[in-house]
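The structure presented is a predicted model; accordingly, all values stated were derived computationally and were not measured.
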Amino acid sequence: MIRKTLIIALCAGPVSADTVVAARTIPAQTLIGPDDLLLQPTNVPGGTDDPLLLIGMEARTALYAGRPVLPADVGFPAIVDRNEIVAIIYDIGGLTISTDGRALGRGGVGEIIRVMNLTSRVTVTAQIGKDGAAYVSQ
């Protein structure tokens, strides 16, 4: 019986999966809501079949209607905009120093962006914290 089931399964053809696609054109920097996504019966390498992973995220690039939405196309909503003044927190070896900086990129919590120290004009790479500060560690 197991052998017959296996043969029938192999002859049935390829198994298809669902892929999340954009229901409409979504501009970059737009939060994705449940009405923005659809499931289509197609299998796209690198695509996702779970719209819950994408709802509440921000489109990093324009997402076109009917095209698959890949996890790389979205990110956490940005809390720091380019040219915004942010606190730079240096936390090195137990010593904490804070100064003002200018964000040279846009980013959400946990993302790495470049920030220019307003006092020294030195550019550093920092991770955005939940409070919107840029944390530099070495």
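- Taking hydrophobic clusters as Ile, Leu, Val, Met, Phe, Trp and Tyr residues chained together by side-chain heavy-atom distances below 4.5 Å, I112 does not share a cluster with I92.
- The backbone N or O of G110 sits less than 3.5 Å from a side-chain atom of Q127, completing a donor-acceptor pair.
- With hydrogens and angles ignored, the 3.5 Å screen pairs a side-chain donor or acceptor of T19 with a backbone N or O of T42.
- Under a 3.5 Å cut-off, the side chain of R60 and the backbone N or O of V74 do not form any donor-acceptor pair.
- Side-chain contact between V124 and N117 is absent, with no heavy atoms from C-beta onward closer than 4.5 Å.
- The shortest non-hydrogen separation linking N43 to P45 is O-CD, 3.9 Å.
- Residues V136 and I128 fall within the same hydrophobic cluster, defined by Ile, Leu, Val, Met, Phe, Trp and Tyr side chains chained together at heavy-atom separations under 4.5 Å.
- With hydrogens and angles ignored, the 3.5 Å screen pairs a side-chain donor or acceptor of R102 with a backbone N or O of N83.
- Summarising the geometry, atom CD belonging to E84 is positioned 8.5 Å from atom CD1 belonging to I79; distances are rounded to the nearest 0.5 Å.
- For the atom pair CG (D100) and CD1 (I88), the distance works out to 8.0 Å, reported to the nearest 0.5 Å.
- In this structure, V109 is a member of the same hydrophobic cluster as V115, with clusters built from ILVMFWY side-chain heavy atoms closer than 4.5 Å.
- Heavy-atom minimum distance, L37 versus P51: CD1-O, 3.9 Å.
- Between atom OG1 of residue T61 and atom CG of residue D73 there is a gap of 4.5 Å, rounded to the nearest 0.5 Å.
- Among all heavy-atom pairs drawn from Y64 and A22, the shortest one is O-CB, 3.4 Å.
- Within the 4.5 Å cutoff, side-chain heavy atoms of I55 are placed close to those of L52.
- Of all the heavy atoms in V80 and A103, the pair that sits closest is CG1-CB, 3.5 Å.
- Side-chain contact between L118 and I85 is present, with heavy atoms from C-beta onward closer than 4.5 Å.
- A side chain to side chain contact (heavy atoms under 4.5 Å, CB included) with L104 holds for exactly one of I113, T125, T123; it is T123.
- Contact record, P77 with G56: CG-O, 3.4 Å, taken as the closest heavy-atom pair.
- Between V20 and the options I32, V44, D36, L54, a side chain to side chain contact (heavy atoms under 4.5 Å, CB included) holds for only L54.
- Minimum interatomic distance between I89 and S98 (heavy atoms only, all atoms of both residues): CD1-OG, 3.5 Å.
- Contact of the P71 side chain with the L53 side chain is not registered, since no non-hydrogen atoms from C-beta on lie closer than 4.5 Å.
- Summarising the geometry, atom CE belonging to M116 is positioned 4.5 Å from atom CZ belonging to R121; distances are rounded to the nearest 0.5 Å.
- Side-chain contact between F76 and M57 is present, with heavy atoms from C-beta onward closer than 4.5 Å.
- Tracing side-chain contacts under 4.5 Å through hydrophobic residues (I, L, V, M, F, W, Y), one reaches L39 starting from L63; they form part of the same cluster.
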